[in-house]
Protein chains: 2
Amino acid sequence: MPGKRVPEPERREQILAATYDVAAEHGLWETTILRVAAAANVSPGLVIFHFETRRQLLLALLDHVLATTTVLLVDPAVAALPSPTERLIAVLRREMSRLTSEPLRIRLTFDYWMAGVRDAAIREKLQTEFARYRASFRPLAAEVLRAEPDRFADVTPEGLAGLAVSLIKGCAVQSMIDAERFDVDDHLAAAVGLMTNVRPASTTV
Amino acid sequence: MPGKRVPEPERREQILAATYDVAAEHGLWETTILRVAAAANVSPGLVIFHFETRRQLLLALLDHVLATTTVLLVDPAVAALPSPTERLIAVLRREMSRLTSEPLRIRLTFDYWMAGVRDAAIREKLQTEFARYRASFRPLAAEVLRAEPDRFADVTPEGLAGLAVSLIKGCAVQSMIDAERFDVDDHLAAAVGLMTNVRPASTTV
DNA sequence: CGTTGTATTGAACGGAAGTTCAATACGAGA
DNA sequence: TCTCGTATTGAACTTCCGTTCAATACAACG
C-alpha cells in the first residue's frame, strides 16, 4: 500500500538527507539501504528506485557533501590584513578551527578518503576537490612569495599551496584521532615561527 | 578431519600474516574471516579459535603492524649533517619517500586511521603511536629552535614536532588519493623555503 | 469519471558474513 | 601402547544486506 507521492527531486533530496544523517552517525560502511530507508521513513525499494544501487547512492552523497562544503572562504576581515603572511596564517587558523567545529562533516569526509583509496570513481571526485582546495590557496601563497622574493627563490606558489593543504589535511587526521591533544594554537604558533622573518634586531627591550 | 597441529604461537603468526596480506590487498572492511582462513589455508573455525572474534583479529593485526613499523630512523648520514634545519629536512624527506615506497603498509595504516574514528580501542592504540611518532621528532625540533632562539621565541619543541607530524600525515593523505600529483620535492622545497633564514646578502654572485 | 503512467510498498530471494559446535585426529605423557 | 587434552575441521545457524518484482494507490489528464 504505497504512501504519498512526492515530486522526484524532493524525494531524492529527502533520501539524500537521510543518507547523510546515517553516514555521519554510523560511518559509510554501516550506511545500508535499510537504515537509510528507515531514517527517511520510506521503503527500501524506493531508495533503489531513485538511486539504482547502493554504490550510486553513496556517490550521490559524496557529490552532495562536496557541493555543500564551502571550499575556502577568505572573509573581508582577513583580506584587510596588511601582510600576506598574516593573511595566510589567518586562513590556516580558520581552516583548522573548522576541523573541530564541524566534526560530523569531517568524519564523513574521512570515510570518503578511505573509500577513495580503493574506489576509482570516488578517488576521481576527491582529486578534483583536492585540486580546487589547492587552487584556492594559490593566490594567498603567491602573495606571500612575492613579498619576499629573495628568501623564497626556489618556492613556487603551487608548492606552498600544496604544503598548506597537506598541513590542513594532517591536522584533520590528528583532530579525528587525537582530538584532546590537538591544539590549533600550538600548530599555528609553530607555523608563524617558520613563516615570519627574523626581526632586524630584538625589539623586546 | 583436522589437519596438522602446529604450536600455538606459530599458528597465530601464520594467520596474522595471512590477515595482513588480505587487508593490504583488499582493505580492512573486506578482510573477512573467510578470506583470511582461505589465505592461510586453514578453516574459518580455527581463526576464531585463535582470535575469538573478527574484531580482536583486526586489533591484533594493528598491534602487529605498529610493532613492525620503524617509528623514525635517523641514520648516521643524517646525524652528520651540520645544521639542525638540514637534519630535520632530511628526516622529513625520508618520511615522505616512505609514503611512496611502502604503499601497501601506508594504505593499511590509513584504513586503521579511518577505523579509529569510530572505534575507541583502535583510536587509543593510534593515539599512543602518534605520541611516539611526535616524540621522535622532538629532539630534532628542539635543536632547530635552539639554533635560532630569537626567531622562534614563541615556538615550543612540542609545537614544531606536532607541525612536522601533521605535515607528514597530510602528505600521506595526498599520496593515497592523488599519488600522481603528489611530489615530495615540491613539498620539501616549500618547507625548506619556510625554515631557511634569509641570507645576510645574496651570495649567488 | 475513467484511463494511464508512475511512485511506492513490502515480501521474497540469494548471497555472504560471523559465530557456534559436535565430531575428529594428532601429539605428548603415562 | 593407551589415554587425554586440544588443535582443527566443516557444516549449520543466524543475521543482515542488496536487489528484484508483482501488487497497489495516487495524480494528472482527457
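Lettering follows sequence order; numbering is per chain, from 1. Here the structure is a predicted model, which is why all the values come from computation and not from measurement.
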*Asks:* Measure from the side chain of Ser43(A), starting at C-beta and using heavy atoms only, and say which of dT9(C), dT19(D), dT9(D) lies closest.
*Replies:*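 Among dT9(C), dT19(D), dT9(D), the one nearest the side chain of Ser43(A) is dT9(C).
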*Asks:* Rounded to the nearest Å, what distance is computed from the CZ atom of residue Arg35(A) to the P atom of nucleotide dC16(D)?
*Replies:*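 In whole Å, dC16(D) P lies 10 Å from Arg35(A) CZ.
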*Asks:* Between Phe49(B) and Arg54(A), which has a closest nucleotide on DNA chain D that is more 5'?
*Replies:*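 Of the two residues, Phe49(B) wins.
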*Asks:* Can you tell me the distance, in whole Å, between the CG atom of Leu46(B) and the P atom of dC21(C)?
*Replies:*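 Value for this atom pair: 17 Å.
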*Asks:* Taking the six-membered ring of Tyr112(A) as reference, does the NZ or CZ atom of Lys125(A) fall below 6.0 Å from its centre and within a 45° cone about the axis?
*Replies:*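 Not flagged: Lys125(A) not positioned over aromatic ring of Tyr112(A).
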*Asks:* Which word best sums up how the rings of His187(A) and Phe182(A) line up, parallel for under 30°, tilted for 30 to 60°, or perpendicular for over 60°?
*Replies:*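 Tilted, since the angle between the ring planes falls between 30° and 60°.
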*Asks:* Considering just the side-chain nitrogens and oxygens of Thr53(B), establish if one lies under 4.0 Å of OP1 or OP2 belonging to dG18(C).
*Replies:*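 Result: no.
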*Asks:* Is the Tyr20(B) ring parallel, tilted or perpendicular to the His64(B) ring (thresholds 30°, 60°)?
*Replies:*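 Perpendicular, since the angle between the ring planes exceeds 60°.
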*Asks:* Rounded to whole angstroms, how far apart are CZ on Arg12(B) and C1' on dA7(D)?
*Replies:*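 Distance, rounded to whole Å: 14 Å.
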*Asks:* Taking all non-hydrogen atoms of both residues into account, name the closest pair between Ala39(A) and Val22(A) and its distance.
*Replies:*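 That would be CB-CG2, 3.7 Å.
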*Asks:* Round to a whole Å and report the spacing from CG of Asn41(A) to P of dG10(C).
*Replies:*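 Taking CG of Asn41(A) and P of dG10(C), I get 11 Å after rounding.
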*Asks:* Which nucleotide sits closest to the side chain of Val42(B): dT9(D), dG10(C), dT19(D)?
*Replies:*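 Per side-chain heavy atoms of Val42(B), the pick is dT9(D).
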*Asks:* Which nucleotide in the set dT8(C), dC17(D), dA7(D) lies at the smallest distance from any side-chain heavy atom of Thr32(A)?
*Replies:*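 Side chain of Thr32(A) sits closest to dC17(D).
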*Asks:* Choosing from dC17(D), dT9(C), dT20(D), which nucleotide comes nearest the side chain of Ile48(A)?
*Replies:*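 The answer is dT20(D).
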